[in-house]
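Everything numeric in this text was worked out from a predicted model, so none of it was measured. In the text below, chain A, chain B and the rest are named by the order of the sequence lines, each starting its count at 1.
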Amino acid sequence: MSELQIYNTESRRKETFKPIQPGKVGLYVCGVTVYDYCHVGHARVMVVFDTFVRHLRAQGYDVKYVRNITDIDDKIINRALERGESINALTARFIDAMHEDERALNVLPPDEEPRATEYMQDILQMIETLLGKGCAYRADNGDVYFSVRDFPDYGRLSHKKLEDLEAGARIDVNAAKKDPLDFVLWKAAKPEEPEEAKWSAPFGLGRPGWHIECSAMSTRCLGPHFDIHGGGMDLQFPHHENEIAQSECATGEHFVNYWMHVGFVRINDEKMSKSLGNFFTIRDVIKAYHPEVLRTFLLSAHYRSPVNYSEDNLEKAKAELQRLYGALENIMPGEAVADTDYERRFDAALNDDLNTPQAFAVLFELARDVNKSQEPALAGLLVKLGQRLGILYDTPEAFFRSDAGADLSEEEIERLIEARNQARKDRDFARADQIRDELKAAGIELLDGPEGTRWRRV
RNA sequence: GGCCGGGUGGUAGAGUGGCUAUACAGAGGAUUGCAAAUCCUUGGACGUCGGUUCGAUUCCGGCCCCGGCCUCCA
């Protein structure tokens, strides 16, 4: 069996994965800030790490997968005020929506899903530790800052030098900071903020800064030193860099062994993001496409490459998935054959830094084999491996008929098919073709086979 | 400006120092009442200029172009 290789952002190369404890993996992924619906960029991170975890488990690892929820920050507060809604109601609503989106995408729930507001004790403790060790300080305005200069290794993840950072720093007029690079651990409460956003702490009423929650929660859930930490590319700096600084200062231990970062989803060669306003939400996309099509689209490129969101590319993903489901259409999948070259190559592809495009290539070869051989055991293998990528959970019929938008009901379609088949029996092919064309115009494609006529929405 | 990542056939997208990626689209064939699906065969590529090499799309360097981070962002 091939060894698992992971591209580590910190070393900028693929490394053979060596777990801290044999057979076990501790994985922490930065989740979303819940003040809006998840978009396709979030979907990519969810789907990539879900696939990664499925693969690790298939390889026999005992995985503890932790993905946090940021449920307190400026944007949440502002959005709640804007809407005249309580923070709690707002975040609860979007957390539910996120879970709904994940279920649609066949994203399995993480083992733990810590929320910042539920780990306030750990956050406070870590800040106190940092203050005690002298790598954090209380500023005149009541904020608590981390002193970047006190962490000599700062920049080791994102490969930045302090001088360069200073040179490029945008003008951040914050007189309270001793150094412009320092970042906030605790934000002092302001009078206009809702009571819900204020926690009492030894260093004053306020709320945590963004970075500290991940250090506190990952340490609590996985310990001070764990295997893998992941997230979107944009979290590399400053978020993850800051996590390293805080955590290592606080615990004195090496924080994380492998850093994985997922590439962006783009639109017209531009990053999809909330600030640019060019995002599509998951729920919007799956109104028009089967959720597995979106998942296939997201996995059809390597996770570190950018992927371009477009209707064209979604259509391509749909065609790919049709190819796979097509192989399963006339066959009852049986128990998957074991010990095949297909599975070995599939595993090897995923072991190679989660090379999902390569894994898909194996699936297509397998699908061709299924089409030719009509072997239930091969079909079973196709389903098994497909599900490892989080697809092929549906029945082919349901998949091919899933597209919304066709005007005809299934009964009407069946009736027309019957009429056509009668015409064919009567050798009235003109009439038969007329019905075919009619259905085609309504988005229904007919497939005549030995066992009768099947149909699909196209 | 500093630091990263990338430029592969019509499209999407892997990969490799010399040997078929894969999918859709294209061409030819088998099959079909006609189609579709399926199977077989097939054309088509590695931004640019140099270097290393017997040989580079693959290694090295310059250049051009694209994206990202340096501010909240998955």
Side-chain angles (χ1 to χ4, degrees), chain A residues 9 12 29-33 36 38-49 67 70 73-75 78 155 158-161 163-172 181 183 210 230-239 241 261-266 269-276 279 296-297 300-302 304-308 310 312-324 326-327 329-330 349 352 355-365 367-368 370-372 374 400 423-424 427-430 432-433 436-437 440 445-450 453-456 458:
Chain A
T9 308
R12 292 188 222 143
V29 172
C30 289
V32 304
T33 302
D36 207 340
C38 292
H39 63 231
V40 178
H42 300 117
R44 188 174 193 196
V45 173
M46 293 168 178
V47 164
V48 162
F49 284 105
R67 194 191 55 205
T70 298
D73 94 318
D74 289 4
K75 288 182 177 169
N78 291 338
S158 52
H159 312 104
K160 292 181 191 298
K161 296 192 193 97
E163 309 88 79
D164 297 341
L165 282 169
E166 285 206 320
R170 318 279 165 92
I171 311 118
D172 176 10
L181 295 178
F183 56 89
W210 175 39
M233 277 300 184
D234 44 2
L235 298 186
Q236 221 175 96
F237 189 90
H239 185 55
E241 197 69 59
H261 293 279
V262 178
F264 295 125
V265 175
R266 297 184 190 168
D269 287 332
E270 219 180 23
K271 173 185 171 185
M272 176 185 290
S273 77
K274 290 195 184 162
S275 19
L276 290 170
F279 60 90
T296 300
F297 161 70
S300 65
H302 184 86
R304 281 187 284 115
S305 312
V307 83
N308 223 315
S310 69
D312 227 42
N313 287 340
L314 243 22
E315 285 296 331
K316 282 201 172 94
K318 182 174 162 184
E320 292 185 341
L321 205 49
Q322 282 176 339
R323 170 107 184 125
L324 298 178
E329 240 184 333
N330 285 318
D352 183 13
N355 192 335
T356 51
Q358 192 61 257
F360 266 103
V362 174
L363 251 34
F364 291 122
E365 289 175 40
R368 166 170 288 125
V370 171
N371 283 329
K372 275 198 282 197
Q374 291 297 302
F400 282 115
R424 290 172 74 207
R427 304 197 67 77
D428 180 0
F429 293 122
D433 287 348
R436 176 197 282 292
D437 293 344
K440 182 118 193 171
E445 190 170 85
L446 299 183
L447 299 85
D448 297 324
T453 303
R454 289 172 294 124
W455 62 272
R456 305 172 161 186
V458 287

message = Measuring only the C1' atom in each nucleotide, how far is B:G47 from B:A56? A whole number of Å is fine.
response = 16 Å
query = Base, sugar-phosphate, or nothing for A:S275, non-hydrogen atoms under 4.0 angstrom?
reply = base
message = Classify A:L446 by what it touches in the nucleic acid, base, sugar-phosphate, or nothing, heavy-atom distance under 4.0 Å.
response = base
task = For B:U42 versus B:A23, give the span between their P atoms, rounded off to a whole number of Å.
result = 14 Å
Between P of B:C70 and CD of A:E163, the distance in whole Å = 19 Å
message = Is there, by distance only and without an angle test, a donor paired with an acceptor across the side chain of A:R44 and the base of B:A74 below 3.5 Å?
response = no
query = Is there a Watson-Crick or G-U wobble partner for B:A30 with both distances under 3.5 Å, and if so, which one is it?
reply = B:U38
ask   = Hey, does A:F264 reach any base, or is it just sugar-phosphate, or nothing, if we go heavy atoms under 4.0 Å?
value = base
inquiry  = Pairing check on B:U22: which nucleotide meets the Watson-Crick or G-U wobble criteria with it, both distances under 3.5 Å?
reply    = B:A12
Minimum-distance nucleotide (side-chain atoms of A:P357 versus B:A74, B:A14, B:G33) = B:A14
query = Rounding to the closest angstrom, what is the interatomic distance between B:U58 and B:U16 at atom C1'?
reply = 6 Å
message = What's A:V265 touching, base or sugar-phosphate or nothing? Going by heavy atoms closer than 4.0 Å.
response = base
key: Protein-nucleotide distance (A:R304, atom CZ; B:C4, atom P), rounded to Å   = 16 Å
ask   = Mapping A:R12 and A:P306 onto RNA chain B by nearest heavy atom, which one lands closer to the 5' end?
value = A:R12
query = Considering only side-chain heavy atoms of A:H42, which listed nucleotide, B:A21, B:A74, B:A23, is closest?
reply = B:A74
request  = Quick one: label A:Q236 by what it contacts on the DNA or RNA (base, sugar-phosphate, nothing), any heavy atom closer than 4.0 Å.
outcome  = nothing
request  = Please work out if A:K161 contacts a base, only the sugar-phosphate, or nothing of the nucleic acid, heavy-atom cut-off 4.0 Å.
outcome  = nothing
request  = Taking all non-hydrogen atoms of both residues into account, name the closest pair between A:T9 and A:H159 and its distance.
outcome  = O-CE1, 3.1 Å
A:K160, nearest nucleotide to its side chain (from B:A23, B:G2, B:G33) = B:G2
request  = Please work out if A:D448 contacts a base, only the sugar-phosphate, or nothing of the nucleic acid, heavy-atom cut-off 4.0 Å.
outcome  = base
query = So which nucleotide does B:C3 pair with, by the Watson-Crick or G-U wobble rule with both distances under 3.5 Å?
reply = B:G68
key: Close side-chain approach of A:F279 and A:V40, heavy atoms under 4.5 Å   = no
query = Reckon A:M46 touches a base, only the sugar-phosphate, or nothing at all at heavy-atom distances under 4.0 Å?
reply = nothing
message = So if I take every side-chain heavy atom of A:D312 and compare against B:G13, B:U11, B:A74, which nucleotide ends up nearest?
response = B:U11
remark   = RNA chain B nearest-nucleotide lookup for A:A367 and A:V32: closer to the 5′ end is A:A367
Euclidean distance, atom CG of residue A:D73 to atom P of B:C72 [Å, nearest integer] = 11 Å
request  = Go through the side-chain N and O atoms of A:S158 and A:E241 and say whether any donor and acceptor fall under 3.5 Å apart.
outcome  = yes
query = Taking the P atom of each, how far is B:G62 from B:A21, in whole Å?
reply = 31 Å
inquiry  = Is the shortest side-chain heavy-atom distance between A:N330 and A:R454 below 4.5 Å?
reply    = yes
task = Would you indicate, yes or no, if B:U22 has its OP1 or OP2 atom less than 4.0 angstrom from a side-chain nitrogen or oxygen of A:R368?
result = no
inquiry  = Quick check against the 3.5 Å criterion: does A:D164 have a side-chain atom that pairs as donor or acceptor with the backbone of A:K160?
reply    = no
ask   = Hey, are the side chains of A:F264 and A:D234 touching, using non-hydrogen atoms and a 4.5 Å cut-off?
value = yes
note = By the Watson-Crick or G-U definition, both distances under 3.5 Å, B:U52 is matched with none
ask   = Looking across every strand, which nucleic acid part, if any, lies under 4.0 Å from A:H239 by heavy atom: base, sugar-phosphate, or nothing?
value = nothing
query = Would you say A:N313 and A:K316 make side-chain contact, with heavy atoms under 4.5 Å?
reply = yes
ask   = Closer than 4.0 Å, any side-chain N/O of A:K318 to the OP1 or OP2 of B:A23?
value = no
ask   = Does OP1 or OP2 of B:A37 have a side-chain N or O of A:N330 closer than 4.0 Å?
value = no
key: Span that lies between the C1' atom of B:G6 and that of B:C40, in whole angstrom   = 38 Å
key: Spacing between A:F364 atom CZ and B:A12 atom C1', to the nearest angstrom   = 11 Å
key: Spacing between A:E241 atom CD and B:C3 atom P, to the nearest angstrom   = 16 Å
task = Quickly work out the A:D352 CG to B:A21 P distance and round it to whole Å.
result = 18 Å
task = Identify the heavy atoms of A:G263 and A:M233 that sit nearest to each other, and give their distance.
result = CA-CG, 3.7 Å
request  = Please tell me which of the listed nucleotides, B:C70, B:G15, B:G13, lies nearest to the side chain of A:N355?
outcome  = B:G15
task = Among B:A36, B:A35, B:G67, find the nucleotide with the atom closest to the side chain of A:R436.
result = B:A35
ask   = With a non-hydrogen cut-off below 4.0 angstrom, is A:R323 in contact with a base, only sugar-phosphate, or nothing?
value = sugar-phosphate
query = When we call it a touch if two heavy atoms are under 4.0 Å apart, what does A:G231 touch: a base, just sugar-phosphate, or nothing?
reply = sugar-phosphate
inquiry  = Measuring from the side chain of A:K316 (C-beta onward, heavy atoms only), which nucleotide among B:A12, B:A37, B:C69 has the closest atom?
reply    = B:A12
inquiry  = At 4.0 Å (heavy atoms only), tell me whether A:R424 reaches a base, stays on the sugar-phosphate, or touches nothing.
reply    = base
task = Send over the distance from A:D164 CG to B:C70 P, rounded to a whole Å.
result = 15 Å
request  = Using atom CG of A:N308 as one end and atom C1' of B:G6 as the other, report the distance to the nearest whole Å.
outcome  = 13 Å
key: side-chain N/O A:N313 vs B:A12 OP1/OP2, d < 4.0 Å   = no
ask   = Which value, in whole Å, describes the distance between the P atoms of nucleotides B:U8 and B:G29?
value = 34 Å
key: Shortest non-hydrogen contact between A:R424 and A:T453, atoms and distance   = NH1-OG1, 3.9 Å
request  = May I ask you to evaluate whether A:W210 reaches the phosphate of B:C73, defined as a side-chain N or O under 4.0 Å from OP1 or OP2?
outcome  = yes
key: Phosphate contact (B:C69 OP1 or OP2) by A:K271 side-chain N/O below 4.0 Å   = yes
message = Suppose you measure atom C1' in B:A27 against the same atom in B:C46; what distance do you get, rounded to whole Å?
response = 23 Å
key: Phosphate OP1/OP2 of B:A14 contacted by A:S305 side-chain N/O (<4.0 Å)   = yes
request  = Could you check whether A:G263 gets within reach of a base, just the sugar-phosphate, or nothing at all, counting any heavy atom under 4.0 Å?
outcome  = base
ask   = Given side chains that start at C-beta, do those of A:R368 and A:R323 come closer than 4.5 Å, heavy atoms only?
value = yes
message = Heavy atoms from C-beta onward define the side chain here; which of B:C39, B:G33, B:G67 lies closest to that of A:K372?
response = B:C39
request  = Write down the distance separating the C1' atoms in B:U38 and B:G50, rounded off to the nearest Å.
outcome  = 50 Å
task = Identify whether any heavy atom of A:R454 sits under 4.0 Å from a base atom; if not, whether one sits that close to sugar-phosphate; answer base, sugar-phosphate or nothing.
result = nothing
